[in-house]
Amino acid sequence: QVQLVESGGGLVQPGGSLRLSCAASGSIFNNNYMGWYRQAPGKGRELVGSITSGGTTNYADSVKGRFTISRDNTKNTVYLQMNSLKSEDTAVYYCTLRLSRVYWGQGTQVTVSS
């Protein structure tokens with residue numbers, strides 16, 4: 001049994017920063033792959049980036065250089081640091097964990113607006 005809980009979303013002005021957290025609990029050991037997805041209104045889900053158990057990260061071109069994914073294994077938490085936010089970044093952000101299946105969190109809303 002696995003649970004993922006995202007937090008840290010909210011309203012931020014263009015150019016601002018926000019850090020999202022994803023706390024994992026349950027039958028988890030040696031996390032392999034975790035990812036961040038987002039879904040904007042009227043759009044499909046988009047892969048923002050991912051991180052392996054070894055710390056290797058990958059990012060979508062749209063966020064590369066602005067977003068950073070990190071992992072704190074002592075807290076069993078993955079973070080998404082978002083800088084230089086744009087209105088196009090407005091979306092519900094989800095974290096995922098790949099084990100024998102893919103687990104999804106409930107999502108947290110990020111709104112970038114002046």
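All residue numbers refer to positions in the sequence shown, counting from 1. As the structure is a prediction and not an experimental result, all values here were calculated from the model.
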Gln106, CD atom: more than 12 neighbouring heavy atoms under 6.0 Å: no
CZ/Arg38 to CD/Gln109 distance, rounded to the nearest 0.5 angstrom? 12.0 Å
Applying side chain to side chain contact (heavy atoms under 4.5 Å, CB included) to Tyr59 and Ile69, what does each step give before you reach the verdict? CA-CA 9 Å; Tyr59 303 94; Ile69 298 173; 3.7 Å; yes
When every non-hydrogen atom of Asp89 is compared with those of Ser84, the smallest separation belongs to OD2-O, 4.4 Å
Report yes or no: do Val92 and Leu47 belong to one cluster of Ile/Leu/Val/Met/Phe/Trp/Tyr joined by side chain heavy-atom distances under 4.5 Å? yes
Output the distance between atom CE (Met34) and atom CG (Leu97), rounded to the nearest 0.5 Å. 5.0 Å
Any side-chain to backbone donor/acceptor pair from Arg71 onto Gly55? Under 3.5 Å, distance only. no
Could you give the distance from CG (Leu20) to SG (Cys95), rounded to the nearest 0.5 Å? 9.5 Å
Are the aromatic ring centres of Tyr37 and Trp104 under 6.0 angstrom apart? yes
Determine whether a donor-acceptor pair (N or O, by modelled atom type, separation under 3.5 Å) exists between the side chain of Glu6 and the backbone of Gly107. yes
For the pair Val2 and Leu99, evaluate side chain to side chain contact (heavy atoms under 4.5 Å, CB included) and give the outcome as yes or no after the intermediate values. CA-CA 10 Å; Val2 174; Leu99 295 172; 3.9 Å; yes
Roughly how far, to the nearest 0.5 Å, is the OG1 atom of Thr96 from the OH atom of Tyr33? 5.5 Å
Test side-chain hydrogen bond (donor to acceptor under 3.5 Å, both in side chains) on Ser62 and Glu46 and set out the steps. CA-CA 10 Å; Ser62 59; Glu46 172 191 17; 3.3 Å; yes
Between the OG atom in Ser21 and the NZ atom in Lys75, the distance rounded to the nearest 0.5 Å is 9.0 Å
Whether Ser50 side chain and Gly35 backbone form a donor-acceptor pair below 3.5 Å: no
Indicate yes or no: at least one non-hydrogen side-chain atom of Phe67 is less than 4.5 angstrom from one of Leu85. yes
Does the pair Ser17 and Asn83 meet the rule for a side-chain hydrogen bond (donor to acceptor under 3.5 Å, both in side chains), with working shown? CA-CA 4 Å; Ser17 298; Asn83 299 323; 2.9 Å; yes
Evaluate the criterion side chain to side chain contact (heavy atoms under 4.5 Å, CB included) for residue pair Cys22 and Tyr79; output intermediate values, then yes/no. CA-CA 6 Å; Cys22 176; Tyr79 303 95; over 6 Å; no
Using a strict 4.0 Å threshold on nitrogen-to-oxygen distance, state whether Asp61 and Lys64 make a salt bridge. yes
Between the CE atom in Met82 and the CG atom in Leu18, the distance rounded to the nearest 0.5 Å is 4.5 Å
What one should report as the nearest heavy-atom pair of Asp72 and Thr74 is OD1-OG1, 2.5 Å
